[in-house]
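Everything quoted here is computed from the prediction, not taken from an experiment. In each ligand, atom 1 is the first atom listed, and ligand 1 is the first ligand listed.
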Amino acid sequence: MILNRIVVFAVIAFFIVIAAIYLLFISGKTGQYSDFEDYIFGTYIRIRISSKVNPATISKAIFTEMKRLEKKFDAYSEGSILYNINNSEDWVKVDDETLSIIDLSLRLARNTEGAFDPGIGRLVNLWGFSKFSQKEATSEFTIPSVDKIGEAATQSGYQKIAIDYVNKKVKANGVWIDLGGILKGYALKRAYQIAKELDKSCHGFIEAGGQIMILGPKYNKTNWVIGVRDPRGEPGENIAIVYMSEGSIATSGDYERFFIVDNVRYHHILDPKTGYPARKAISATIISEDPVVADAFSTAAFVLGEDKWLFTRTVFPKYGAEVLLVTPQKKLLRTDKFSIYERADR
Ligand code: AMP
Ligand code: MG
């Protein structure tokens, strides 16, 4: 009898120990998430991360890197490398990182037939959207005159930007280079690299104003559920839901930076062909492995809009970009593979 009891206790104790080891193993694998936030590029950067390395250390390294990029590539503040290039009539010697990001921006411009155009800084500045800081008060903005827009447009266009690869020099030829359409994507790419260098098995995601870079699946096993904002709804109201465990998703919308005059919305995504805010979409979302592609192509898809949808849906997937476009009438247009990400069971 006593022996039986001992056996029963031993069996129970054995299972308790096994369960405890299993739970420890699971929690070690999945981990808890820590959240960090900072204000960079005129927007909130949020990091949700689980790591065996101190998450605060990883987040600090990411924020430091992003602040470095913000300073270096703000075209409109004196002393930045872009400011120097834009305000020089001559060739400007640049470092490798600057050369490669400008080269990349020109390639993205060619891929999108100039819908994404890093050479529109004068127009962005003229409209008053050159500040990283958010400005939404109507009083701070005015609609530029047709003449001024025409003048800025003639001094715009990525085709004018020249690169000397041998001597590592760039010449803007009167154009102002603006990398605002890819900077957040580039910063997210660097953030991903930094996080993975410090802990290759870390997981979570980083959010930078309208764009998300995933570090790894939720609890290392399931998809993150991501809402695509309804461009005419309140924050938190979604027009679509996607499920992702890797890669990046970026949305460009006319609700991010804008002012309204006589019921017309003037916003920060300009059509390089007209010099005016693009009118043929109200938001464009891109899913891509590469956050730089997601960022540049979201701006481009917005500019191309409903009218050029055939081009977008045919060409963008070739560069690894799947698109969800919201037309001014709030119709949703999708590339073939976008809907795969909308399936909860994927
Ligand atoms: P995003 O929010 O990623 O669509 O980027 C918008 C930012 O990119 C603007 O604030 C401008 O600095 C810049 N931008 C605006 N229009 C264009 C365009 N057509 N091509 C490239 N950059 C643009
Ligand atoms: Mg973009």
Side-chain angles (χ1 to χ4, degrees), residues 41-43 70 73-77 80 82 86 101-102 104-136 141 149 152-153 156-159 161 175-189 207-213 229 231 248-259 266-288 290-305 308 312 316 319 321 323-326:
F41 307 123
T43 190
E70 178 184 43
F73 294 117
D74 178 358
Y76 310 95
S77 75
S80 81
L82 289 187
N86 292 345
I101 197 172
I102 292 176
L104 176 61
S105 75
L106 297 183
R107 184 149 44 88
L108 293 163
R110 288 190 290 270
N111 293 346
T112 59
E113 298 196 338
F116 172 82
D117 189 339
I120 57 155
R122 282 185 192 275
L123 283 163
V124 173
N125 190 49
L126 182 66
W127 279 95
F129 294 117
S130 52
K131 296 277 169 290
F132 278 135
S133 59
Q134 301 265 0
K135 291 194 292 181
E136 289 188 9
F141 291 96
I149 290 173
S156 297
Y158 70 97
Q159 299 93 333
I161 302 164
V175 160
W176 281 7
I177 302 172
D178 177 327
L179 297 179
I182 53 165
L183 204 51
K184 277 183 282 174
Y186 180 72
L188 285 171
K189 188 170 202 157
E207 192 180 352
Q211 181 162 5
I212 288 172
M213 177 80 222
R229 182 173 159 178
S248 187
I249 177 164
T251 298
S252 290
D254 66 1
Y255 50 85
E256 288 175 73
R257 268 181 254 174
F258 67 95
F259 62 98
Y266 297 89
H267 61 86
H268 71 306
I269 303 164
L270 304 177
D271 183 343
K273 287 206 163 70
T274 64
Y276 282 79
R279 292 257 167 263
K280 305 295 181 187
I282 57 175
S283 94
T285 298
I286 303 284
I287 293 177
S288 175
D290 183 338
V292 183
V293 166
D295 195 0
F297 280 59
S298 71
T299 309
F302 189 107
V303 170
L304 291 162
K308 305 271 172 58
T312 302
F316 281 28
Y319 298 107
V323 193
L324 170 67
L325 189 79
V326 185

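- Distance alone, capped at 3.5 Å, places no donor-acceptor pair between the Trp127 side chain and the Ile269 backbone.
- Listed by number with element, the atoms of ligand 1 under 4.0 Å from a non-hydrogen atom of Ile269 are 4 (O), 15 (C), 16 (N).
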Would Tyr76 and Asn86 count as a side chain to side chain donor-acceptor pair (under 3.5 Å) here? Give the steps.
CA-CA 9 Å; Tyr76 310 95; Asn86 292 345; over 6 Å; no
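- In terms of modelled atom types and a separation under 3.5 Å, the side chain of Lys184 and the main chain of Gln211 share no donor-acceptor contact.
- Put simply, the side chain of Asp178 never gets that close to the backbone of Ile120: no donor and acceptor are under 3.5 Å apart.
- Using a 4.0 angstrom heavy-atom cutoff, Ala115 counts as in contact with ligand 1.
- Here the protein heavy atom with the shortest distance to atom 12 (O) of ligand 1 is Asp178 OD2, 3.0 Å.
- Geometry note: the Mg ion (ligand 2) is the vertex, Thr299 OG1 and Asp295 O are the arms, and the angle is 90° (rounded to 10 degrees).
- Within the 3.5 Å criterion, the main-chain N or O of Asp74 finds a donor-acceptor partner in the side chain of Ser80.
- The Mg ion (ligand 2) has no N, O or S atom of Gln211 closer than 2.8 Å.
- Just one of Leu104, Thr112, Leu106 meets the side chain to side chain contact (heavy atoms under 4.5 Å, CB included) condition when paired with Leu108; it is Leu104.
- Of the listed options Ile182, Thr112, Asp117, Asp117 places a heavy atom closest to atom 22 (N) of ligand 1.
- The protein heavy atom nearest to atom 1 (P) of ligand 1 is Thr299 OG1, 3.4 Å.
- Using a 4.5 Å heavy-atom cutoff, the side chains of Ser288 and Tyr319 are not in contact.
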Audit row: Phe297, Val323, side-chain contact (heavy atoms from CB on, under 4.5 Å) steps and yes/no:
CA-CA 9 Å; Phe297 280 59; Val323 193; over 6 Å; no
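- For the pair His267 (side chain) and Ala278 (backbone), a donor-acceptor distance under 3.5 Å is present.
- Taking a cut-off of under 4.0 Å to the non-hydrogen atoms of Ser252, the atoms of ligand 1 that pass are 1 (P), 3 (O), 4 (O).
- In terms of protein heavy-atom proximity, atom 3 (O) of ligand 1 is nearest to Asp295 OD1, 3.0 Å.
- Closest protein heavy atom to atom 10 (O) of ligand 1: His268 CD2, 3.3 Å.
- For atom 16 (N) of ligand 1, the nearest non-hydrogen atom of the protein is Leu270 N, 3.0 Å.
- The distance between the ring centers of Phe141 and Tyr266 does not fall below 6.0 angstrom.
- Taking every non-hydrogen atom of Val303 and a distance limit under 4.0 Å, the qualifying atoms of ligand 1 come out as 19 (N).
- Ligand 1 places these atoms under 4.0 Å from at least one heavy atom of Gly181: 3 (O), 5 (O), 7 (C), 8 (O), 13 (C).
- Within ligand 1, counting atoms from 1 as listed, the ones closer than 4.0 Å to a heavy atom of Phe116 are 20 (N), 21 (C).
- Atoms of ligand 1 found under 4.0 Å from any heavy atom of Pro272, numbered from 1 in the order shown, are 19 (N).
- If you check which protein heavy atom lies closest to atom 18 (C) of ligand 1, you get Ile120 CD1, 3.5 Å.
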